[in-house]
Amino acid sequence: MRDTCVTSDIWSFECQRCELRWEEVYEAWHANDGHGGDVVTWRNRGMICCPPWYDQACPGCGGLGAKVLPSHWHDGLGRGAGHGHVPRPRRSA
């Protein structure tokens, strides 16, 4: 049996084309690969996806290359408490 630990985090983005700002919730599934190494699988809305920092498309204009905003950005106001990790240990069967 392989142990799996899932962390959930909110990532904030800004489109370099239309300047839209938005947030997405990502889950990072951390697991042992069975050979002593670690594997991380990213999920967004329940679907396996690329890491949040890789080729984000803007939901408004479809432009590629959105940038990740600093963790203190929140609610479009540039202020807030930040995004803490919320670990949720899970075991896979």
Side-chain angles (χ1 to χ4, degrees):
M1 179 186 314
R2 295 183 184 161
D3 288 333
T4 302
C5 177
V6 178
T7 58
S8 181
D9 200 12
I10 298 172
W11 287 71
S12 302
F13 304 95
E14 180 177 44
C15 179
Q16 296 296 294
R17 189 174 179 189
C18 71
E19 298 182 354
L20 175 71
R21 290 183 176 187
W22 75 96
E23 293 181 333
E24 295 277 342
V25 177
Y26 284 85
E27 290 182 335
W29 291 59
H30 304 268
N32 182 303
D33 68 0
H35 302 284
D38 293 324
V39 176
V40 178
T41 304
W42 291 91
R43 295 184 188 211
N44 179 284
R45 300 180 188 153
M47 302 293 294
I48 294 175
C49 64
C50 291
W53 58 86
Y54 184 78
D55 282 343
Q56 280 297 315
C58 175
C61 71
L64 295 176
K67 71 177 180 179
V68 177
L69 294 173
S71 62
H72 64 271
W73 181 82
H74 186 68
D75 294 334
L77 301 174
R79 59 190 163 98
H83 312 284
H85 277 287
V86 181
R88 297 180 313 191
R90 294 184 186 169
R91 294 208 177 249
S92 59

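The figures that follow rest on heavy atoms only: side chains count, while hydrogens, waters and symmetry mates do not. Residue numbers start at 1 and run along the sequence shown. All of these numbers come straight from a predicted model, not from anything done at the bench.
Val39 and Val6 fall into different hydrophobic clusters, defined by Ile, Leu, Val, Met, Phe, Trp and Tyr side-chain heavy atoms under 4.5 Å apart, directly or through other members.
Atoms CD1 and OH, on Ile10 and Tyr26 in that order, are 12.5 Å from each other to the nearest 0.5 Å. The line from OG of Ser12 to CD of Glu23 is 4.0 Å long, rounded to the nearest 0.5 Å. Of the inter-residue distances, the one linking Ser8 atom OG with Arg43 atom CZ reads 12.5 Å to the nearest 0.5 angstrom.
Side-chain contact between Ile48 and Trp42 is absent, with no heavy-atom pair separated by less than 4.5 Å. Residues Leu20 and Pro59 have side chains in contact (heavy-atom distance under 4.5 Å, counting atoms from C-beta outward). With a 4.5 Å cut-off on side-chain heavy atoms, Cys58 and Trp22 count as touching.
Nearest approach of Arg17 to Gly62, heavy atoms of both residues: NH1-C, 4.4 Å. Counting all heavy atoms, side chain and backbone alike, Glu14 lies closest to Arg21 at OE2-NE, 3.2 Å.
Aromatic ring pairs are classed by plane angle as parallel below 30°, tilted from 30° to 60° and perpendicular above 60°; the pair Trp11 and Trp53 is tilted.
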### Task
Mind running side-chain contact (heavy atoms from CB on, under 4.5 Å) on Val68 and Phe13 for me, showing each step along the way?
CA-CA 5 Å; Val68 177; Phe13 304 95; 3.8 Å; yes
